[in-house]
Amino acid sequence: MKKIANRFFAAVFSIYLFTATVFAADVLVPVGEVVGLELFTGSVTVAAFDDTLQVGRNGGLQIGDAILSIDGSAVTNAEDVRRALNQSDGSVEITVSRRGQEKCIRLSPAITTDGPRLGVYLRQGITGIGTVTWYNPDTGAFGTLGHGVSSGKGDLLQMTSGKIYPASIISVQKGKSGSPGQLKGALEADHLLGTISANTSQGVFGRAPGVWTGETIPVATFSEIHTGSALIRSTITGSVPRDYSVEILKIYPKTRSDGRNFLLKVTDPTLLGTTGGIVQGMSGSPIIQNGKLVGAVTHVLVNDPTMGYGIFIENMLDAAG
């Protein structure tokens, strides 16, 4: 599909619901800005059908089919599909992977003013919004989310590459007990900020040289973090972050690798009035205590959106390095 300059996304992977050392630094910028993230997997999957063109649906394609090749030419992105269709002689043989088995499907593309089309919408990976936790102005390295991006099957998405773009919040769905809220944002796909190099259980990492400015603050060690008042830096409207008050209620062992290293409660009346607490899209919001960067927001409690979990910054930096 054609890339659109402004695309709108809900925070599809931006918070978890709970029922080389170049990245590490002594001081970092706690960013708190929302960004759009695209993670590519090296495969192209049928995501939906076009209601006006029934070629793919009637020809035997199914949602979830991973397109491996067309007329013998390997497919790794949507452009490969377009190229193969444009070179076809009126019919194509499509090899797909469906539930672990390969199938060959022959069909005739519909001829449109935009060229041959299958009448399907393709997905090359996962796109959504998240909050940037930290930035190293010396190296251009950044970290976001504080947790990994899931493949949708319960495991970590195996990405081949990724990109980040500017984004802004256009609406907020307020959270309530039993129904976590959500930030919805607009991604500026014609303005590349940087690249993503790693998707890990402790965060998504990459480089965006010269993108963010701001005051650097010290990185806290595990022993310096304590229960009591703290701040989270988030963007919940537009594109400008601000600080909101929270309380760290409980600290768990550093060895926990699930992104739940301490328990938080939102106390800021403005944040509570706007979002109801922690919502999807705030994942990665930096947590600051006593002038030091201590971690990032990662989870929200479904039954109480005023509360959630955070990951220690040391764990996040270890994964980045």
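Considering every non-hydrogen atom in both Gly273 and Lys174, the closest pair reads O-NZ, 3.3 Å. In terms of heavy-atom proximity, Thr41 sits nearest to Ser43 at OG1-OG, 3.0 Å. Residues Pro180 and Gln173 come closest through the heavy atom pair O-NE2, 4.0 Å. Listed here is the closest heavy atom pair of Ser285 and Arg233: CB-O, 3.4 Å. Across all non-hydrogen atoms, the minimal contact from Asp268 to Arg242 is OD2-NH2, 4.4 Å. When all heavy atoms of Leu263 and Gly308 are compared, the pair lying nearest together is CD1-O, 3.4 Å.
Counted within 6.0 Å of CZ on Arg123, heavy atoms from surrounding residues, nucleotides or ligands total 12 or fewer; the atom is thus considered open. Atom NZ of Lys265 has more than 12 neighbouring heavy atoms from other residues, nucleotides or ligands inside a 6.0 Å radius.
With Asn58 contributing its side chain and Gln54 its backbone, the two residues share a donor-acceptor pair below 3.5 Å. Between the side chain of Tyr135 and the main chain of Ala208, a donor-acceptor pair closer than 3.5 Å is present. Asn199 contributes a side-chain N or O that, together with a main-chain N or O of Leu157, makes up a donor-acceptor pair within less than 3.5 Å. Remark: side-chain polar atoms of Thr133 are not paired, donor with acceptor, to backbone N or O of Ala296 under 3.5 angstrom. Side chain of Glu247 to backbone of Thr267: no donor-acceptor contact under 3.5 angstrom is found. Remark: the backbone N or O of Gly281 is paired with a side-chain donor or acceptor of Thr131 at under 3.5 angstrom. A donor-acceptor pair is defined here as one N or O able to donate and one able to accept, closer than 3.5 Å; no such pair exists between the side chain of Glu188 and the backbone of Tyr165. With Thr160 contributing its side chain and Phe40 its backbone, the two residues share a donor-acceptor pair below 3.5 Å. When atom types are taken as modelled, the side chain of Asn77 and the backbone of Glu79 share a donor-acceptor pair closer than 3.5 angstrom. In this structure, Asp71 contributes its side chain and Glu93 its backbone to a donor-acceptor pair below 3.5 Å.
Between the OG atom in Ser245 and the CG atom in Leu231 there is a gap of 7.0 Å [rounded to 0.5 Å]. To the nearest 0.5 Å, the span separating OG1 on Thr200 from CG on Asp318 amounts to 10.5 Å. Of the inter-residue distances, the one linking Tyr121 atom OH with Asp50 atom CG reads 4.0 Å to the nearest 0.5 angstrom. In this structure, the separation between CG on Leu183 and OG on Ser168 is 11.5 Å, given to the nearest 0.5 Å. Note that the CG atom of Leu39 and the OG atom of Ser161 stand 8.5 Å from one another [nearest 0.5 Å]. Note: Thr274 OG1 to Tyr244 OH = 6.5 Å, rounded to the nearest 0.5 Å.
The residue from Ile313, Ile217, Asp243 that alone fulfils the side-chain contact (heavy atoms from CB on, under 4.5 Å) condition with Pro30 is Ile217. Just one of Val132, Ile236, Thr235, Val31 meets the side-chain contact (heavy atoms from CB on, under 4.5 Å) condition when paired with Pro241; it is Thr235. Met282 pairs in a side-chain contact (heavy atoms from CB on, under 4.5 Å) with only one of the listed residues (Ile232, Val34, Val300), which is Ile232.
Applying the side-chain contact (heavy atoms from CB on, under 4.5 Å) test to Ser201 and every residue at least two apart in sequence or in another chain returns Leu156. Taking Phe49 as the reference, nothing meets the ring pair (Phe, Tyr, Trp, His ring centres under 6.0 Å) condition, with sequence neighbours excluded.
Classification of the Phe312-Phe222 ring pair by plane angle, with boundaries at 30° and 60°, yields perpendicular.
No side-chain heavy atom of Ile311 sits under 4.5 Å from any side-chain heavy atom of His147. Taking the side chain as every heavy atom from C-beta outward, Lys254 and Asn315 approach each other to under 4.5 Å. Side-chain contact between Leu37 and Val149 is absent, with no heavy atoms from C-beta onward closer than 4.5 Å. In this structure, the side chains of Ser73 and Asp80 stay at 4.5 Å or more apart for every pair of heavy atoms. No side-chain heavy atom of Glu224 sits under 4.5 Å from any side-chain heavy atom of Val294. No side-chain heavy atom of Val172 sits under 4.5 Å from any side-chain heavy atom of Thr237. Side-chain contact between Ile287 and Val297 is present, with at least one heavy-atom pair separated by less than 4.5 Å. Using a 4.5 Å cut-off on side-chain heavy atoms (C-beta onward), Val246 and Ile278 make no contact.
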Evaluation steps, side-chain contact (heavy atoms from CB on, under 4.5 Å), between Phe142 and Asn136:
CA-CA 6 Å; Phe142 71 88; Asn136 186 335; over 6 Å; no
Begin with the C-alpha distance, continue with both residues' side-chain angles, and end with the deciding distance and a verdict on side-chain contact (heavy atoms from CB on, under 4.5 Å) for Leu107 and Val92.
CA-CA 6 Å; Leu107 49 78; Val92 293; 3.9 Å; yes
Criterion side-chain contact (heavy atoms from CB on, under 4.5 Å) on Glu102 and Thr95, from CA distance to verdict:
CA-CA 7 Å; Glu102 289 191 12; Thr95 302; 3.8 Å; yes
Assess the residue pair Ile248 and His226 against the criterion (side-chain contact (heavy atoms from CB on, under 4.5 Å)); give the C-alpha distance rounded to whole Å, side-chain angles, the decisive distance to 0.1 Å, and a yes or no.
CA-CA 7 Å; Ile248 296 178; His226 58 83; over 6 Å; no
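Residues Arg106 and Ser91 bring a donor and an acceptor atom of their side chains to less than 3.5 Å of each other.
Using a 4.5 Å cut-off between side-chain heavy atoms of Ile, Leu, Val, Met, Phe, Trp and Tyr, with links allowed through other members, Ile164 and Val29 fall into the same hydrophobic cluster. Clustering ILVMFWY residues whenever any of their side-chain heavy atoms sit less than 4.5 angstrom apart, transitively, puts Val35 in a cluster other than the one holding Val240. Neither Leu53 nor Ile70 shares a network with the other; the hydrophobic side chains, linked directly or stepwise wherever heavy atoms of I, L, V, M, F, W or Y lie under 4.5 Å apart, form separate groups for each. Cluster annotation: Val46 is connected to Val44 through the hydrophobic network of ILVMFWY side chains, with a link wherever side-chain heavy atoms come within less than 4.5 Å. Leu68 and Val81 end up in different hydrophobic clusters when Ile, Leu, Val, Met, Phe, Trp and Tyr side chains are linked at under 4.5 Å.
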